[in-house]
Amino acid sequence: IFNLGDETAHNVQVSDIYWPDSFVEVIGMRDFQFESVRAGANVTHTFVVKPSETGVFHIPAARVKYQEMKDTPTVGSVSTAIGYVRVVDAQGAESRDLHSFEWSVF
């Protein structure tokens with residue numbers, strides 16, 4: 001999370017739970033929070049998910065809520081969406097078509 005603002009963001013809550021049901025949590029949590037993020041600073045949170053099936057999936061943006069100052073109303077925002085990802089099995093990973101799909105997404 002990057003705080004592009006001029007002030008510290010307080011009570012930063014991130015909800016990255018909108019992944020398709022075809023992904024299960026392996027390590028970490030997709031719903032987390034930071035007490036604060038200073039102006040111009042960034043913080044990192046990592047989690048690992050595992051696909052339960054192959055296919056093309058859209059991974060949407062995470063939802064972010066924070067307070068501009070303590071004891072003020074919550075402000076909402078969203079992260080950058082990951083977009084479409086292609087999940088293939090081990091045999092499909094060797095496919096020559098895989099790289100052309102990656103470029104077509106961008």
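None of these values were measured; they are calculated from a predicted model.
- Between R63 atom CZ and S77 atom OG the span is 10.5 Å, to the nearest 0.5 Å.
- Contacts of F57 classified as ring-ring contact (aromatic ring centres under 6.0 Å, His included), with partners at least two apart in sequence or in another chain: F23.
- Residues that satisfy the side chain to side chain contact (heavy atoms under 4.5 Å, CB included) test with A81, not counting sequence neighbours, are A61.
- Across all non-hydrogen atoms, the minimal contact from D71 to Q67 is N-NE2, 3.9 Å.
- Hydrophobic cluster membership for F2: L4 (Ile, Leu, Val, Met, Phe, Trp, Tyr linked by side-chain heavy atoms under 4.5 Å, directly or transitively).
- Hydrophobic clustering (ILVMFWY, side-chain heavy atoms < 4.5 Å, transitive): F34 and V75 are in one cluster.
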Show me the donor-acceptor pairs within less than 3.5 Å that the side chains of residues 37-56 make with the rest of the protein, sequence neighbours left out.
from: H45; atom 1: NE2; to: M29; atom 2: O; distance (Å): 2.8
from: S52; atom 1: OG; to: S22; atom 2: O; distance (Å): 3.1
from: E53; atom 1: OE2; to: S22; atom 2: OG; distance (Å): 2.6

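- Residues in residues 6-20 take part in these side-chain hydrogen bond (donor to acceptor under 3.5 Å, both in side chains) pairs, two or more places apart or across chains: N11-Q13, D16-W19.
- A donor-acceptor pair under 3.5 Å is formed between the side chain of S79 and the backbone N or O of A62.
- Looking at residues two or more places apart in sequence or on another chain, you find a salt bridge (Lys or Arg N to Asp or Glu O under 4.0 Å) between E25 and R30.
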